[in-house]
> 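Dropping a structure here in structure tokens format, bear with me for questions.
Chain letters run A, B, ... following the sequence lines, proteins first and then strands; every chain starts at 1.
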Amino acid sequence: MINITLPDNSIKSFDESPSGMDVALSISEGFARSCVAMDINGTLFDLKKKIDSDASLRFITPKDDEALEILRHSAAHVMAEAVQNLYGGALLTIGPVVEEGFYYDIDMPPVSEEDFPAIEAEMNKIVKEKKSFERIVVSKEKALEMFRNNPYKKELIQELGDEEISLYRQGGFVDLCRGPHLPHTGMIKGLKLMKISGAYWRADQSREQLQRLYGTAFFDKKELKQYLYLMEEAKKRDHRKVGTRLGLFSFHQEAPGMPFFHPRGMDIWNVLLEYWREEHRAAGYVETKTPVMLNRRLWEQSGHWENYRENMYTSVVDDEEYAIKPMNCPGGMLLYRTGSYSYRDLPLRAGEIGLVHRHELSGALSGLFRVRAFHQDDAHIFMTQDQIEDEILGVLKLVERIYSRFGLGFHLELSTRPEKSIGTDAQWDQATGGLRRALDKYGRDYIINEGDGAFYGPKIDIHIKDALGRTWQCGTVQLDMALPERFDLSYKGADNEKHRPIMIHRVIYGSIERFFGILVEHFAGRFPLWLAPVQVVILPINDELAGHARKVGEKLMEKKIRCEVDSRSESLKKKIRDAQTDYIPLILTIGEKERETGTLSVRTLDGKVRMGVAMDDFTAPVMSHIKNRVLEGTPFD
RNA sequence: GCCGGCGUAACUCAGUUGGUAGAGUAGCUGAUUCGUAAUCAGCAAGUCAGCGGUUCGACUCCGCUCGUCGGCUCCA
């Protein structure tokens, strides 16, 4: 007699070992049809597995988080079979599930997206056949024998322990796999190949070049449609497209990976920094600036010459070797060392909008998201041991303040000591403990990435979430146990002894260029009033009214409202259309009536018009809306 | 850097099997003077990314270089 306990604590009893499917069928046939896999005592299994002792069981249905992963894993097998059916000599390697779908690395001649329809058709054929996934367990020797023609699989099998090896079979297709899998291929409803790229076996450039085929899959065609819609929306918002169309920035062959900012882009840039300075002053930061080019000796002392040299630009001046800074910290060290500090001066919060250059791989460049020259909104905080917690907490609060101003959510990740690292266990414990206590005090959940810290200290990464739900790592708070040592920094304690300060590096925007790009996509180019490069456009109805329009413009400029007059001899309709497609939040049309009465006609982006607004009734609310950095709309919506 | 795709006017893109190039938008000129999302006409604009090769002839085929896109990798 086998007793199965279900999540609602009901117990089903069976005379003989039932399979998961048997248990599901005992609930209802419809339910059984929807089940994907099962969780027995905390481990996932196929529904076909026989349960031979009492157990508590939870069925995995498409509603559960684990289900999608299983589905996609099965979909990867379907893709692998399809490719093997179509391309004779294709050798399968690995095919994991990734965040948005799955991929399979296959040793085969290059294919292109033109081949996708044929592969998809073959996949759909396999899906239609509702092939059952069967788990087969064999010995290591047998597995090696079965995959004797596939060196990749053999390599994988060799690395597995001596225990038995599980394989999965669907029809005539067998693949090495831990599982679990769907009951059958028919459950994969929304299936699509996404892209193709090269990848190396074991991510090693010296090894075989493989074809990586990406796909995604859902339980429901609708979900696939929704996903494709989001992808398309993201494509439409692509900051490279939107930024070019709005005239914010450009890139040129003469300086790959180094953006040029145009006047309208600089408006946004300056507003971002203005806001940043305001918040940092209020949070007790001072601002500093260090040179872009520094002597090689400094980089040797900081350790960058040893650890980061391949990313640094260098130059020889008067027979001396210089490096263009890839980070601001060494310069910051010199600044600190210029003064002499007592414990009363700490914490010292020194901000710096530093322009750094990093020679990134040419293939890694991507719009403003990955560049070779960028500005960091850096700050170095020097403090005593017992200030760690409060200082970290202060940074986290500042981060929250600033991100929420843009309507960006975020989550936190703590990275701990990596294998290759400097410092003592005690130092690491103390540093990591300080970060942990600050996070706990802060009160939000955080993820822990064991061993993912920098070699010189643990860190907290802050990942923002944009309007499309995509996440980006922007902010980071890193404790540095190396530089104060290398530069022999000190402060005088209350005990009149020299002490080594603790130092953190932190950024909030991260790379201002990248943050800019993220904002373009987050707002889809429709910046809130306070950020909009042109806040108001003034449209005279005819040429004769251009003079009055300019006068109105001057009045707004006096109030520091960014505005332009469009006095082209175009129709009003045309000028409105152009203003709308430039996402200018407020449009003032100037006709005879406005000139006579000295009022304004205000049109917002949603097409609503308010006539007869007095000048002051326009400027006052607009100015306060801007000053308060209101995220949504305008005072005239 | 590696693999693959792409590179035609300022921008977005056409260009059949090789016979030296077009459209829309923007720009300029002129007409129109307009009340809430595109007025009309004309003009000008390209070493077809660059270099080399094949060919009687190359935007088209081949090679290299540069840039760019998607991945690998790396990270802010």
Side-chain angles (χ1 to χ4, degrees), chain A residues 98 103 105 109-114 194-214 235 238 240-241 244-245 247 250-257 308 310-311 326-328 354 356 358-378 454 461-463 472-476 478 505-515 517-518 539-546 567-582 587-594 601-611:
Chain A
V98 289
Y103 68 80
D105 282 349
V111 290
S112 77
E113 295 197 4
E114 283 164 29
M194 299 305 293
K195 51 196 167 195
I196 177 113
S197 79
Y200 296 99
W201 172 236
R202 302 262 140 135
D204 183 344
Q205 279 192 27
S206 67
R207 305 200 62 178
E208 296 84 344
Q209 171 81 41
L210 310 169
Q211 299 296 311
R212 177 168 294 181
L213 273 162
Y214 285 86
K235 218 169 151 188
D238 188 321
R240 290 166 299 198
K241 278 216 163 83
T244 305
R245 190 172 72 74
S250 59
F251 285 91
H252 302 273
Q253 286 207 0
E254 289 77 1
Y308 206 73
E310 64 279 18
N311 281 310
M327 297 182 196
N328 302 303
V356 297
R358 298 182 185 175
H359 184 82
E360 300 291 346
L361 297 178
S362 61
L365 302 179
S366 173
L368 292 176
F369 285 171
R370 189 120 216 116
V371 292
R372 283 177 172 162
F374 60 100
H375 295 73
Q376 288 181 304
D377 63 321
D378 217 339
D461 288 327
I462 304 130
H463 297 251
W472 311 92
Q473 198 228 300
C474 286
T476 179
Q478 307 189 348
H505 314 249
R506 47 108 284 186
V507 290
I508 294 181
Y509 290 151
S511 147
I512 299 170
E513 282 77 353
R514 191 160 85 112
F515 193 76
I518 291 168
L539 311 180
I541 276 180
N542 59 41
D543 294 351
E544 230 178 292
L545 290 157
S567 53
R568 293 175 301 165
S569 296
E570 294 285 352
S571 68
L572 181 64
K573 277 174 189 278
K574 167 72 169 166
K575 289 195 269 194
I576 285 173
R577 186 186 143 82
D578 287 348
Q580 297 268 53
T581 54
D582 275 355
I587 299 171
L588 300 180
T589 48
I590 300 291
E592 206 53 59
K593 206 178 290 170
E594 284 70 31
S601 165
V602 185
R603 183 186 163 114
T604 48
L605 269 184
D606 54 13
K608 284 198 200 108
V609 179
R610 197 171 318 166
M611 312 262 285

> In whole Å, measure the gap between the P atoms of B:G7 and B:G15 for me.
11 Å
> Assign A:E360 to base, sugar-phosphate, or nothing according to its heavy-atom contacts below 4.0 angstrom with the strands shown.
base
> Which residues pass the side-chain contact (heavy atoms from CB on, under 4.5 Å) test with A:D582, sequence neighbours left out?
A:L246, A:R264, A:I584
> When A:Y509 is tested against each of A:W472, A:F515, A:F374 for ring-ring contact (aromatic ring centres under 6.0 Å, His included), which residue passes?
A:F515
> Quick one: list whatever passes side-chain contact (heavy atoms from CB on, under 4.5 Å) with A:H463, sequence neighbours left out.
A:H411, A:E413, A:D461, A:Q473
> Apply salt bridge (Lys or Arg N to Asp or Glu O under 4.0 Å) to A:R202 and list each qualifying residue two or more places apart in sequence or on a separate chain.
A:E155, A:E159
> Taking atom C1' of B:C75 as reference, at what distance in whole Å does atom CD of A:E310 sit?
12 Å
> Reckon A:K593 touches a base, only the sugar-phosphate, or nothing at all at heavy-atom distances under 4.0 Å?
base
> Between P on B:C11 and CG on A:D578, what's the gap in Å once rounded to a whole number?
19 Å
> Under the side-chain contact (heavy atoms from CB on, under 4.5 Å) rule, collect the residues that match up with A:S250, sequence neighbours excluded.
A:H252, A:F260, A:H262
> Do the side-chain N or O atoms of A:K195 get closer than 4.0 angstrom to the phosphate oxygens (OP1, OP2) of B:G70?
no
> If you take atom types as modelled and just measure distance, does the side chain of A:E594 reach the base of B:G35 with a donor-acceptor pair under 3.5 Å?
yes
> Closer than 4.0 Å, any side-chain N/O of A:K573 to the OP1 or OP2 of B:A38?
yes
> Classify every nucleotide of nucleotides 63-69 of chain B by which part a protein heavy atom approaches to under 4.0 Å, writing B for the base, S for the sugar-phosphate alone and - for neither, in 5'-to-3' order.
---SSSS
> On a plain distance test, is the side chain of A:T589 in donor-acceptor contact with the base of B:U36 below 3.5 Å?
yes
> Check side-chain hydrogen bond (donor to acceptor under 3.5 Å, both in side chains) between A:N311 and all other residues, then give those that pass, not counting sequence neighbours.
none
> With P as the reference atom in both, quote the distance from B:A44 to B:C61 in angstrom, rounded to an integer.
31 Å
> Counting heavy atoms from C-beta on, name the nucleotide in B:U73, B:A37, B:C74 closest to the side chain of A:Q580.
B:A37
> Could you check A:D377, A:T476, A:D378 and say which one makes a side chain to side chain contact (heavy atoms under 4.5 Å, CB included) with A:R506?
A:D377
> Name the stems with RNA chain B in them: runs of three or more consecutive Watson-Crick or G-U pairs, distances under 3.5 Å?
B:1-7 with B:66-72, B:10-13 with B:22-25, B:27-31 with B:39-43, B:49-53 with B:61-65
> Looking only at atom C1', what distance separates B:G30 and B:C66, rounded to whole Å?
43 Å
> Give one of base, sugar-phosphate or nothing for A:E254, where a contact means two heavy atoms less than 4.0 Å apart.
nothing
> With sequence neighbours left out, what residues match A:Q211 under side-chain hydrogen bond (donor to acceptor under 3.5 Å, both in side chains)?
none
> If the C1' atom of B:G19 is compared with that of B:A23, how far apart are they to the nearest Å?
23 Å
> Considering only B:G70, B:G35, B:A26, which nucleotide approaches the side chain of A:K574 most closely?
B:A26
> NZ of A:K235 versus P of B:G70: gap in Å, rounded?
10 Å
> Within this structure, what is the NE2-to-C1' distance between A:H359 and B:A76, rounded to whole angstrom?
17 Å
> Figure out the CG/P separation between A:D582 and B:A26, and round it to whole Å.
12 Å
> Output all residues satisfying side-chain hydrogen bond (donor to acceptor under 3.5 Å, both in side chains) with A:S511, sequence neighbours left out; order by chain, then residue number.
none
> With A:E592, which residues qualify under side-chain hydrogen bond (donor to acceptor under 3.5 Å, both in side chains), at least two apart?
A:R595
> Among B:G1, B:A37, B:A76, find the nucleotide with the atom closest to the side chain of A:F374.
B:A76
> Contact class for A:V356 vs. all strands (heavy atom < 4.0 Å): base, sugar-phosphate, or nothing?
nothing
> Can you check whether A:F369's main-chain N or O pairs, donor with acceptor, with A:S366's side chain at less than 3.5 Å?
no
> Which protein N or O atoms sit under 3.5 Å from an N or O of nucleotides 29-33 of chain B?
{"from": "B:U33", "atom 1": "O2", "to": "A:D543", "atom 2": "N", "distance (Å)": "3.0"}
{"from": "B:U33", "atom 1": "N3", "to": "A:D543", "atom 2": "OD1", "distance (Å)": "3.3"}
{"from": "B:U33", "atom 1": "N3", "to": "A:D543", "atom 2": "OD2", "distance (Å)": "2.6"}
{"from": "B:U33", "atom 1": "O4", "to": "A:D543", "atom 2": "OD2", "distance (Å)": "2.3"}

> Using the P atom on both, measure B:U68 against B:U60 and round to a whole Å.
22 Å
> Can you work out whether A:Y509 or A:A364 has the more 5'-proximal nearest nucleotide on RNA chain B?
A:A364
> Expressed as a whole number of angstroms, how long is the span from A:Y103:OH to B:G70:P?
19 Å
> Measure the distance from CZ on A:R358 to C1' on B:A76 and round it to the nearest whole Å.
6 Å
> What's A:R603 touching, base or sugar-phosphate or nothing? Going by heavy atoms closer than 4.0 Å.
base
> Among B:G1, B:A76, B:G35, which nucleotide has an atom closest to any side-chain atom of A:L572?
B:G35
> Going from CG on A:L539 to OG1 on A:T589, what distance comes out if it is rounded to the nearest 0.5 angstrom?
7.0 Å
> What nucleotide, of B:C72, B:A37, B:A76, holds the atom closest to the side chain of A:R577?
B:A37
> Could you give the distance separating B:C40 and B:C48 at their P atoms, to the nearest angstrom?
33 Å
> Mind checking the P distance from B:G67 to B:A49? Whole angstroms is fine.
16 Å
> Which residues pass the side-chain contact (heavy atoms from CB on, under 4.5 Å) test with A:V98, not counting sequence neighbours?
A:Y103
> What I'd like to find out is whether the side chain of A:I512 reaches to under 4.5 Å of the side chain of A:Q376, using heavy atoms alone.
no
> Starting from P on B:C72, measure out to CE on A:M194 and report it in whole angstrom.
14 Å
> Pick base, sugar-phosphate or nothing for A:Y214, based on heavy-atom distances below 4.0 Å to the nucleic acid.
sugar-phosphate
> Rounding to the closest angstrom, what is the interatomic distance between B:U16 and B:A21 at atom P?
14 Å
> Measure the spacing between CD1 of A:I587 and CG of A:L605 and express it to the nearest 0.5 Å.
6.5 Å
